There are 2 protein chains.
Amino acid sequence: METPATVFDLNQLRRSCSSCALYELCLPAGIAGDDLDRLDATVKDKRALDRGAMLYREGDPFEALYVVRSGALKTFVQNEAGDAQILAFHLPGEILGFDALASNLHVSQAEALERSSICELPYAKLQQVTSDVPALHRQLMRVISREVVEEHRHLVMMGRQQAQEQLATFLKNLADRYERLHRDGTSLNLPMSRYDIANYLGLVVETISRLFSRMEEMGVLEVNRKSVRILRPDLLATLCRTDAPSRRNDVG
Amino acid sequence: METPATVFDLNQLRRSCSSCALYELCLPAGIAGDDLDRLDATVKDKRALDRGAMLYREGDPFEALYVVRSGALKTFVQNEAGDAQILAFHLPGEILGFDALASNLHVSQAEALERSSICELPYAKLQQVTSDVPALHRQLMRVISREVVEEHRHLVMMGRQQAQEQLATFLKNLADRYERLHRDGTSLNLPMSRYDIANYLGLVVETISRLFSRMEEMGVLEVNRKSVRILRPDLLATLCRTDAPSRRNDVG
DNA sequence: GCGGTCAGTTGACGGAGGTCAACTGACCAT
DNA sequence: ATGGTCAGTTGACCTCCGTCAACTGACCGC
């Protein structure tokens, strides 16, 4: 195969939802035929974001929703002192920007953790399509609802789990999401720093560091900087479980 | 005014969004005229829920969204051990049930904290109206987005704040929401137990108890069982602020 | 190579908040 | 009234995890 053809194919890939590798994971899931073409037409490509680059900032006007095509991002809120709380990490196929629907302003910020490419869905155009395509409307609601459910998971982790359970749950969740992307879920290459993980879980970086060491001693993980190999997925799964019924509170 | 007329008026009130006291806070905000009538027609009344009664359970099929008309509810998720994490408390005008949009099953549970009455919005009927009324569609998205933003607040509270800051923030938030309902925001009558508050904040009941006592000693509150009077709103506001830059992590 | 910087690790120590236990006082059924 | 139950309070103790500090090793520009 000659080089020009390959380049052309790549460009095609970059513009067509139907041929995108993330097809079933992304917004178009469940959309077909003409409707998919119409959705396709609303998608604007966004040039790649370098590590550290911001996709949107707090206070930015709401213009679009964004889909991660490759790479990874974090979203976070910041208080006036500059103190941040990371809300989520976003992998390929995941959609960002729903925070701005309420007030037409972004109330959180999104930053690339590594070089990433993004599909942009201008909301005005998206609305035109959704009003004609009820299936897309439902799908969009479903995606926001997934975000709500995902935040429930985050809340449970923070509110009910001990530090080690939190980190185990975090790693397992990441592994599951990588597997959905047809990547190896046992050999992770973490796009985020230890600081980011600590912040996300409401802990400090030293605690994360100690926990990685401890889980390595236990034979659960093999850790080398950003690379984490899960040697014992079964053990990792048990570490996620809160065995001490501490902070117990079955519903009264 | 004779009794029969009064009763009739009350029944009218119970069925008309446009004359409901929660009008501007509820889903219909920003909807007018014919469109409001059409929305109105989809609203089914739900008989009152007694304290402790469940509005929906985990695994229930998704049938409707619900608006609190009076009273208060809590929503929570439960793990297999029966351990619960409270996700939110819901006051009049607030909408519940979005968790089920993703999978058509409820993944959380909703329970009345006191005798409450509920408006039910059957989702099938609601969808018909939203597909004809784009403004309602946008409004619905906005309401879900508010839920996402509200969960961000909860995450920041849990992840970045100390116990006393958390409780202060919790009380201030409750006071603000009561004021939006045109109720006195300085004299709260907590619908939830100390256990519920502790669970919501990821703490234990003893800590909540001690904090109430401490804030009473400081002259910020006057506490008597479920009744909390805010004596010094200014001090309460300062207690919400994280002054020790602990767990610090400005964005890297 | 060499020094600077910064992410990450490890140890020693302390404190915020969890645990356990005892007590008080509403509230309720008999 | 009386006893039982359960929400809430308070104290004594302990532990998990945060704090502080020192160190290691990538990585990078010179």
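Here the structure is a predicted model, which is why all the values come from computation and not from measurement. To find a chain, count down the sequence lines: A is the first, B the second, and so on, and within it residues start at 1.
- As rounded to whole Å, 16 Å separates atom P of D:dA7 from atom CG of B:Leu190.
- One atom, CZ of B:Arg160, and another, P of D:dC17, lie 15 Å apart when rounded to the nearest Å.
- Residues in residues 222-236 of chain B take part in these side chain to side chain donor-acceptor pair (under 3.5 Å) pairs, two or more places apart or across chains: B:Arg232-B:Asp234.
- Among the protein residues, B:Ser193 comes within range of the sugar-phosphate backbone only, with heavy atoms under 4.0 Å from sugar or phosphate atoms but none that close to a base.
- Regarding B:Arg194, its CZ atom lies at a distance of 16 Å from the P atom of C:dG18, rounded to whole Å.
- A donor-acceptor distance shorter than 3.5 angstrom exists from the side chain of B:Gln85 to the backbone of B:Asn199, with no hydrogens or angles considered.
- Put simply, A:Arg210 has no side-chain N or O that comes within less than 4.0 Å of OP1 or OP2 on C:dT9.
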### Task
List the steps and the verdict of side-chain hydrogen bond (donor to acceptor under 3.5 Å, both in side chains) for B:Asp99 and B:His106.
CA-CA 6 Å; B:Asp99 65 303; B:His106 284 285; 3.3 Å; yes
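- Rounded to whole angstrom, the span from the CG atom of A:Asn199 across to the P atom of C:dA7 amounts to 14 Å.
- Side-chain nitrogen and oxygen atoms of A:Thr207 include at least one within less than 4.0 Å of the OP1 or OP2 phosphate oxygen of D:dG18.
- Within the model, atoms CZ of B:Phe98 and CD1 of A:Ile144 stand 9.5 Å from one another, a figure rounded to the nearest 0.5 Å.
- One distance of note links CZ of A:Phe170 with CZ of A:Arg153; it measures 10.0 Å at 0.5 Å rounding.
- Screening residues 168-177 of chain A for salt bridge (Lys or Arg N to Asp or Glu O under 4.0 Å) gives A:Glu94-A:Arg177, A:Lys172-A:Asp176 as the qualifying pairs, with residues at least two apart or on separate chains.
- Regarding A:Leu203, its CG atom lies at a distance of 11 Å from the P atom of D:dT19, rounded to whole Å.
- Comparing A:Gln164 and B:Val205 by the nucleotide of DNA chain D that holds the closest heavy atom to each, the one mapping nearer the 5' end is B:Val205.
- The side chain of A:Ser213 lies closest to C:dT9 when the candidates are C:dT9, D:dG18, C:dG18.
- Counting atom types as modelled, B:Glu206 pairs a side-chain N or O with a base atom of C:dC20 as donor and acceptor under 3.5 Å.
- Two end axes, each from the C1' atoms of five base pairs, can be drawn for the helix from C:dG1-D:dC30 to C:dT30-D:dA1; they diverge by 40°, to 10 degrees.
- Under the side chain to side chain donor-acceptor pair (under 3.5 Å) criterion, A:Thr75 pairs with A:His90, sequence neighbours left out.
- Taking A:Thr186 as the reference, A:Asp184 meet the side chain to side chain donor-acceptor pair (under 3.5 Å) condition, with sequence neighbours excluded.
- Between the P atom of C:dC6 and the CZ atom of A:Arg51 lies a distance of 13 Å, rounded to the nearest Å.
- Across every non-hydrogen atom of B:Leu105 and B:Pro61, the tightest pair is CD2-CA, 3.9 Å.
- Residue A:Gln162 contributes atom CD, which lies 14 Å from atom C1' of D:dC14 at whole-angstrom precision.
- For the contact set between residues 215-229 of chain B and DNA chain D, defined by any heavy atom under 4.0 Å, the members are B:Lys226.
- B:Leu211 has its CG atom 12 Å from the P atom of D:dT10, to the nearest Å.
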